[in-house]
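Letters go in sequence order (proteins before strands), and every chain restarts at 1. All heavy atoms count here, side chains included; hydrogens, waters and symmetry mates do not.
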There are 2 protein chains.
Amino acid sequence: MTIPKQTNRRKELVTIAAGLFKQESFDRTTVRMLASATGIKSGSLFHHFKDKEEILVAVIEGGLETSIEVINKQTADIEQVDQRLFAAIYGHLMTLHGENKDAHIVSIIEWKSLSTLSKSHLIRLRDEYETIWQGIIEQALEAKLLEGEAHLLRLFVLGSLNWTIQWFKPEQGLDIEQLAAKFYQSLTHQVINK
Amino acid sequence: MTIPKQTNRRKELVTIAAGLFKQESFDRTTVRMLASATGIKSGSLFHHFKDKEEILVAVIEGGLETSIEVINKQTADIEQVDQRLFAAIYGHLMTLHGENKDAHIVSIIEWKSLSTLSKSHLIRLRDEYETIWQGIIEQALEAKLLEGEAHLLRLFVLGSLNWTIQWFKPEQGLDIEQLAAKFYQSLTHQVINK
DNA sequence: TACAAAACCAAGCAAGCGCTAGGTAATAAA
DNA sequence: TTTATTACCTAGCGCTTGCTTGGTTTTGTA
């Protein structure tokens with residue numbers, strides 16, 4: 001696999017593409033839409049990307065990398081289990097609903113649009129993210145904050161959080177941190193102590 | 001809105017369409033694929049449906065109706081709150097992973113592919129389903145089985161369950177009832193008593 | 001057995017799709 | 001100032017898409 005050069009222009013294009021892919025879905029976003037949103041002609045896109053799928057791969061890659069950064073930063077200096085769990089929840093919701101959210105959302109909903117080859121390349125990033133979560137959940141289980149099996153719990157929890165992209169609008173009263181607190185409460189049957 | 005006649009052939013087509021939409025997504029399923037899977041020519045499809053979207057609407061409509069039937073039947077004769085909650089979870093997972101699952105899955109993942117008009121028609125069915133859930137969750141809250149707000153809990157729970165379509169394969173050891181029990185346990189911090 | 005309605009086919013149109021080829025303009029290193 | 005590289009445009013090709021039209025076959029009903 002050749003490593004595509006990370007020019008500034010390319011990054012710009014990827015950001016714009018993320019927005020469109022999120023809004024319209026990958027399939028319904030045409031190269032002409034991408035081009036006009038960027039201010040260039042459709043043919044010029046293929047100077048930066050070999051095909052349309054490579055744009056999607058770049059978007060998802062960026063989304064996953066940011067998620068990993070955020071969760072690491074969020075949970076870095078926290079020792080207490082309950083605070084770590086809350087920070088992970090909050091971090092995840094932030095990458096989905098905060099600034100620059102588009103890429104992570106796309107990485108979730110457009111996974112099926114990837115070819116097998118592209119998936120195998122990106123799956124390492126996804127695994128890395130899930131491993132971090134797995135660790136936090138195992139800690140929380142030991143501390144009796146949660147009930148069940150770590151593996152299934154991770155899927156239940158991340159599923160629930162990911163699903164928020166279907167309904168949560170930060171501007172409708174509840175903000176992201178409040179949502180995180182509510183989720184933490186329903187999950188652990190305890191109130192988080194901030 | 002004219003009511004489309006419910007011929008047998010139409011139902012057949014809808015079932016086949018559900019399978020393809022689930023496997024390939026609505027956008028990537030062409031009318032030619034639908035036709036050849038049914039054994040007719042692509043043009044003949046439009047004798048039964050006025051356009052491609054009407055097929056999707058029919059699929060989703062069927063999926064939602066079945067879900068409503070199933071949850072009603074599952075929870076009908078059950079009085080105990082814990083049993084009702086478990087039955088609802090189990091029922092939901094059954095419509096997603098049991099026999100004839102395709103339609104309900106499509107109704108979940110292809111919601112965004114609908115036009116505004118079609119959505120407004122189908123939203124009543126979805127509301128009906130969610131109202132049933134809402135009631136069960138409120139009961140469970142009163143019984144202290146759950147923690148939090150009913151409205152948010154419903155979204156968390158259904159999100160988590162819906163997300164199982166991304167990873168759960170009944171043939172990989174765990175069956176649907178076991179999955180339901182595990183989920184019930186992680187949600188309520190109690191073991192279900194069957 | 002006649003006949004209307006329903007189901008289907010053959011052929012293809014117009015529009016939109018991803019992508020390419022061959023050239024020009026801008027930028028930067030030598 | 002030359003030269004190489006990068007960024008972009010013009011024009012359009014080949015293909016697929018959803019869907020239509022006008023006619024034929026099948027089916028059910030009286």
S.K.: Please check if the side chain of B/Glu53 supplies one atom and the backbone of B/Ser115 the other of a donor-acceptor pair under 3.5 Å.
M.R.: yes
S.K.: Take atom NE2 of A/His47 and atom C1' of C/dA26, then tell me their distance rounded to the nearest Å.
M.R.: 12 Å
S.K.: Looking at B/Ser120 and B/Leu117, would you say the former's side chain and the latter's main chain have a donor-acceptor pair under 3.5 Å?
M.R.: yes
S.K.: So what does B/Thr29 hit on the nucleic acid, given a heavy-atom distance under 4.0 Å: a base, only sugar-phosphate, or nothing?
M.R.: sugar-phosphate
S.K.: For C/dG16, does the base pair up with any side-chain atom of A/Arg32 as donor and acceptor (N or O, under 3.5 Å, distance only)?
M.R.: no
S.K.: Side chain of A/Lys52 only, please: which of D/dA7, C/dC19, D/dC19 is the nearest?
M.R.: C/dC19
S.K.: Would you kindly give the CG-to-P distance between A/Leu45 and D/dC8, to the nearest whole Å?
M.R.: 10 Å
S.K.: Taking any heavy-atom pair under 4.0 Å as a contact, classify A/Lys41: base, sugar-phosphate, or nothing.
M.R.: base
S.K.: Nearest whole angstrom, please: distance from the C1' of C/dC19 to the CG of A/Leu34.
M.R.: 13 Å
S.K.: Can you measure B/Asp27 atom CG to C/dG18 atom P for me and round it to whole angstrom units?
M.R.: 12 Å
S.K.: What integer distance in Å separates A/Lys50:NZ from C/dC19:P?
M.R.: 9 Å
S.K.: Looking at D/dC19, D/dG18, D/dC9, which one has an atom nearest to any side-chain atom of B/Ser42?
M.R.: D/dC19
S.K.: In whole Å, what is the span from the CZ atom of A/Phe46 to the P atom of C/dT20?
M.R.: 7 Å
S.K.: For the atom pair NZ (B/Lys182) and CG (A/Leu155), what is the distance rounded to the nearest 0.5 Å?
M.R.: 13.0 Å
S.K.: In this structure, how many angstroms lie between the P atom of D/dA7 and the CZ atom of A/Arg9, rounded?
M.R.: 9 Å
S.K.: Sub-3.5 Å donor-acceptor pair from the side chain of B/His189 to the main-chain atoms of A/Leu187, do we have one?
M.R.: yes
S.K.: Just checking A/Thr30: base, sugar-phosphate only, or nothing, at a heavy-atom cut-off of under 4.0 Å?
M.R.: sugar-phosphate
S.K.: Does A/Ser44 have a side-chain nitrogen or oxygen under 4.0 Å from the phosphate oxygens OP1 or OP2 of D/dC9?
M.R.: yes
S.K.: Nearest to the side chain of B/Ile40 - C/dC9, D/dC8, C/dC17?
M.R.: C/dC9
S.K.: Is there a donor-acceptor pair under 3.5 Å between the side chain of B/Lys52 and the backbone N or O of B/Thr29?
M.R.: yes
S.K.: Rounded to whole Å, please give me the gap between CG in A/Asn8 and C1' in C/dT27.
M.R.: 14 Å
